[in-house]
Engineer: 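Quick one: the structure is below, and I'll ask about it shortly.
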Amino acid sequence: MPWNMNDRETDTGLAETVIVRAKRRLERIMPINTGNGCWLLRGLTEFDDHYDQYELYTDGNGQWCSCYDHYGGAFRQRRVCSRSVAVALFGGLPCCWTEALKGRPAERRWRTPDSPCDIPGIPSKYQTWRPHQRETVEWILEQWEQGVKFVILDAPTGSGKSLTAVASAKLAGLKTLYCVSTRQLQAQLANDFPESVVIWGREHYPCIRFPQTELTAADCSHRKYSPCSKIGQCAYKRQKRLALAADLAVVNYSFLLNEANHVGGFSDWPLLVLDEGDLAESELMKYVSLVLTKRQLEACGIEPPERKTKFEAWLEWATPTLKKVKGHLEELEAVLQRYLEIESEPPLELMREITRYERLVSKLTTFTNWVDDTWVAELDDPEKWEFKPTFVRRFGDALTKHGQKVLAMSATMLSARDWAWNLGIEE
């Protein structure tokens, strides 16, 4: 039942501003009751909280204590803290004053509820913890509390790694970008955690500007000089806004690497979860590797170098070829502009050709920026030519820099040290 403020004595030093501040906290977060008179409350930077999470204890008669010292030190002793008031309001408990403990306890363990579903945001179907799961959540939280950026969890299949990750994120109050390897796994995670928002690549969303065509958001004709009047209704843009605003967004590796490194919207998340973390190196290798095919070049009217089996010939060929392809793409954009000016649907083949040239420009730009004589080339196949770096670690931050904290999980993580080295993590 709600706390009746009129039942409180008036000499406890509780100012109306503290009550207002406490109510504002409750508009943003919910306290978690861990039992034995202890509550967890996430810290908020907008309230100048110094810590990510607070433990608040009550004797049930109105006296509270906090596990951390208050900002202001002794001035706040036996005064009322807005964190205690927030918890008291939430739980219908009395609050007369807050005693602050000095500094952090020598040994502090995170407290997790007896049932996962008692954590706000965890579905009710998660009634019990699996063996060792609760201890694992507490271990992860302790690593983050100690300032560890990269946490690696090696746990067997069926141990509940996804719940472990989401519960840890919820208890720490971390907005989370959850990355898996396939769209099927994205759908599975969304089924397990309905509040999550899934987003796929642009090619999976239809073009709303030109309906009843095969065009997708990947063929977008929105241009600075000719904006699409329906851009606000774009299915991909709408889903992207939902994902960016979500506390739990679910992506796949391919989407994350391409979107975060080129557009930037999915970068700098408080927590990045790399599920199937053992695949991170191979996914990164796929992202940075380049495959040029005979069919792709012929479709754009481009000839490969005369000495196709010589690596140095490709290095000499790339820059002038990029210039040529960019020039033709500009010509295609000029043709498209004539259709857009009269709001006429452009031919599907024109849009496809523009997409082909845009993709080739992207590949050749990457080639000229990245490929050098330290790369390995496979040039014997007359239909395609592949270029890979010897080690992918020099590009590791293309994946790992997008999370302020990174939790990698796998059932087959053979060596945490090797995993870190392969991704260029030096700590």
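In this text, all values refer to a predicted model and were calculated from it rather than measured experimentally. Numbering of residues begins at 1 and proceeds along the displayed sequence.
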Engineer: Where the side chain of Arg356 meets the backbone of Cys300, is there a donor-acceptor pair that is under 3.5 Å apart?
Structural biologist: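 No; judged by distance alone, with no hydrogens or angles, the pair does not exist.
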Engineer: Working note: Leu244 + Phe266, criterion side chain to side chain contact (heavy atoms under 4.5 Å, CB included); need CA distance, chi angles, decisive distance, verdict.
Structural biologist: CA-CA 7 Å; Leu244 289 172; Phe266 286 84; 3.9 Å; yes
Engineer: How close do Arg28 and Arg42 get, heavy atom to heavy atom, and via which atoms?
Structural biologist: O-NH2, 4.0 Å
Engineer: Taking all non-hydrogen atoms of both residues, which atom of Cys81 and which atom of Val18 are closest, and how far apart?
Structural biologist: C-CG1, 4.3 Å
Engineer: Just wondering, are more than 12 heavy atoms of other shown residues or ligands nearer than 6.0 Å to CG in Asn369?
Structural biologist: yes
Engineer: With a 3.5 Å distance limit and no angle check, can you tell me whether Asn422 reaches the backbone of Asp418 through a side-chain donor-acceptor pair?
Structural biologist: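 It does hold such a pair.
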Engineer: For the pair Trp385 and Trp314, name the ring-plane relationship: parallel under 30°, tilted 30 to 60°, perpendicular over 60°.
Structural biologist: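 If you compare the ring of Trp385 with that of Trp314, the planes turn out tilted.
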Engineer: Identify whether the distance between the nearest side-chain nitrogen and carboxylate oxygen of Glu27 and Arg24 falls below 4.0 Å.
Structural biologist: no
Engineer: Begin with the C-alpha distance, continue with both residues' side-chain angles, and end with the deciding distance and a verdict on side-chain hydrogen bond (donor to acceptor under 3.5 Å, both in side chains) for Asn252 and Ser254.
Structural biologist: CA-CA 6 Å; Asn252 57 56; Ser254 177; 4.6 Å; no
Engineer: Look only at the side chain of Thr366 and the backbone of Ser362, and say whether a donor-acceptor pair between them is shorter than 3.5 Å.
Structural biologist: yes
Engineer: Please walk me through it: do Glu55 and Leu40 pass side chain to side chain contact (heavy atoms under 4.5 Å, CB included)?
Structural biologist: CA-CA 5 Å; Glu55 287 181 3; Leu40 300 181; 3.6 Å; yes
Engineer: Any Lys/Arg nitrogen of Glu259 or Arg202 sitting under 4.0 Å from an Asp/Glu carboxylate oxygen of the other?
Structural biologist: yes
